[in-house]
Participant: 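I'd like to ask you about the structure that follows.
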Amino acid sequence: MNQPNPREEQQEADRTPQKPARPPSGRDSQGADLIALIEEAMPRLSKGQKQIARFIVSHYEQAAYMTASALGAEVGVSESTVVRFSGELGFSGYPELQAQIRETVRVSLTSVQRIHAANHRMEEKEVLDRILTQDAENVRATLEHIDRDAFERAVEMILGAKNIYILGMRSSAVLAQFMSYYFELLFDNVRLIHPAGGSEIFEHLMKVRRDDVFVAISFPRYTTGIVNATGYASSRGAGVVAITDSLSSPIAAHADVTLVAGSDMASFVDSLVAPLSLINAIVAYIGRKKQAEVTETLDRLEQVWKEYHVYTK
């Protein structure tokens with residue numbers, strides 16, 4: 001591990017940060033652009049700041065969870081140099097830069113890289129506590145930041161739809177199936193689109209119309225298929241409800257309403273607890289609004305379940 005150079009630290013303190021050529025990309029685009037931002041800033045950085053930059057570019061999955069002090073110690077500069085480096089890129093401080101590095105990790109890492117990142121963050125004996133704690137934090141953050149008006153609009157769109165199309169791909173497919181299972185108890189017009197390759201998704205969407213609603217569910221890493229399907233449904237005039245992790249998600253660009261649920265990963269496994277809880281809230285809220293119909297449907301189902309011994313006593 002390198003040691004900070006006192007002479008260099010004094011030179012760092014005397015430097016006047018220059019205004020970055022462009023604002024940090026994380027505020028309005030994908031986290032992967034952070035690497036381009038750092039590379040663009042490289043010519044104007046001091047020697048110590050360049051060491052920080054190179055470490056972040058090469059080891060961003062590790063840097064994402066290091067304090068400013070730990071990052072400085074790793075590359076041989078002081079904590080204050082790390083803070084000044086953050087300002088040189090246009091961030092308000094290291095916490096904002098770290099949040100952007102985490103965004104890069106979240107949307108860009110392969111599954112293998114996620115495993116390595118998780119191993120940097122926790123020991124084996126910490127896995128249970130860290131995973132459950134992260135999931136609880138995702139739910140808390142979702143509740144704190146959810147747009148209540150958007151939630152209401154999404155529910156009203158779904159209630160007024162002639163047909164409800166639901167699509168989630170890869171790990172998000174289980175969220176789509178969960179929503180579809182309960183929506184089919186509430187509506188007669190639900191169409192779960194089963195993920196498939198090639199043009200099959202669009203064959204399912206060929207009949208989507210202006211009075212329909214398309215619910216798109218996607219979390220990093222985003223798939224090309226759902227982005228294209230969401231764009232197609234929007235181009236056909238259907239109302240689009242996006243359930244995703246960020247307003248900068250690629251499916252949000254095509255949505256009439258976007259509902260954001262936290263999904264920060266603690267391991268290579270996608271964290272879907274908060275999105276599932278959000279979908280649960282949507283189902284429960286619609287159930288209250290359709291209480292009489294739902295009660296009648298469930299009464300009939302209970303009779304069928306009892307007659308055919310669906311559930312054990």
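The figures here come from the full heavy-atom set of this structure, side chains too, leaving out hydrogens, waters and symmetry mates. Keep in mind it's a predicted model, so treat the numbers as computed, not measured.
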Participant: Does this structure show an ion pair linking R54 with E39, if we count only N-O contacts that are shorter than 4.0 Å?
Facilitator: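 Here R54 does not pair with E39 in a salt bridge, since their nearest N and O are not under 4.0 Å apart.
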Participant: Is there a side-chain contact between F187 and K290, using heavy atoms and a 4.5 Å cut-off?
Facilitator: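 SC-SC contact between F187 and K290 confirmed.
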Participant: Walk me through it: do V213 and V240 pass the test side chain to side chain contact (heavy atoms under 4.5 Å, CB included)?
Facilitator: CA-CA 6 Å; V213 164; V240 176; over 6 Å; no
Participant: So, do Y165 and K207 sit near enough that their side-chain heavy atoms are less than 4.5 Å apart?
Facilitator: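 Sidechains of K207 and Y165: in contact.
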Participant: Check this for me, if you would: do R84 and E88 make a salt bridge, where the nitrogen-to-carboxylate-oxygen distance has to be below 4.0 angstrom?
Facilitator: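 Judged by the 4.0 Å cut-off on N to carboxylate O distance, R84 and E88 do not form a salt bridge.
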Participant: Are L301 and I286 connected in the hydrophobic side-chain network, where two residues link if heavy atoms are under 4.5 Å apart?
Facilitator: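 The answer is yes; both residues are in one hydrophobic cluster.
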Participant: Return yes if a side-chain donor-acceptor contact under 3.5 Å exists between S249 and S246, otherwise no.
Facilitator: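 Judged by distance alone, the side chains do not pair up.
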Participant: Given salt bridge (Lys or Arg N to Asp or Glu O under 4.0 Å), test E302 with K306 step by step and report yes or no.
Facilitator: CA-CA 6 Å; E302 287 290 346; K306 182 177 180 180; over 6 Å; no
Participant: Quick one: does V304's side chain get under 4.5 Å of E307's, heavy atoms only?
Facilitator: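 Not in contact.
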Participant: Just say parallel, tilted or perpendicular for the rings of W305 and Y311, cut-offs at 30° and 60°.
Facilitator: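 Because their plane-to-plane angle is over 60°, the rings of W305 and Y311 count as perpendicular.
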Participant: Heavy atoms, side chains only, cut-off 4.5 Å: are I201 and Y232 in contact?
Facilitator: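 No, side chains not in contact.
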Participant: Applying the side-chain contact (heavy atoms from CB on, under 4.5 Å) criterion to L272, which one of I217, N138, V174, I279 satisfies it?
Facilitator: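 Among I217, N138, V174, I279, the one meeting side-chain contact (heavy atoms from CB on, under 4.5 Å) with L272 is V174.
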Participant: Testing L278, L247, I243 one by one against V260 for a side-chain contact (heavy atoms from CB on, under 4.5 Å), which residue passes?
Facilitator: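 In the set L278, L247, I243, the residue that makes a side-chain contact (heavy atoms from CB on, under 4.5 Å) with V260 is L247.
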Participant: Quick one: which of V77, V57, I38 gives a side-chain contact (heavy atoms from CB on, under 4.5 Å) with I52?
Facilitator: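 Considering V77, V57, I38, a side-chain contact (heavy atoms from CB on, under 4.5 Å) with I52 is found only for V77.
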Participant: Using the ring centroid of each side chain, check whether Y285 and F151 are separated by less than 6.0 Å.
Facilitator: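 Close enough - the centres of the two rings lie under 6.0 Å apart.
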Participant: Is there a side-chain contact between V241 and F214 (heavy atoms, below 4.5 Å)?
Facilitator: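 Heavy-atom side-chain distance check fails, nothing below 4.5 Å.
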Participant: Does a donor on one side chain sit under 3.5 Å from an acceptor on the other, for T295 and Q291?
Facilitator: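 No donor-acceptor contact under 3.5 Å links the two side chains.
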Participant: Quick one, T142 and E144 - any side-chain contact, counting heavy atoms below 4.5 Å?
Facilitator: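 Heavy-atom side-chain distance check fails, nothing below 4.5 Å.
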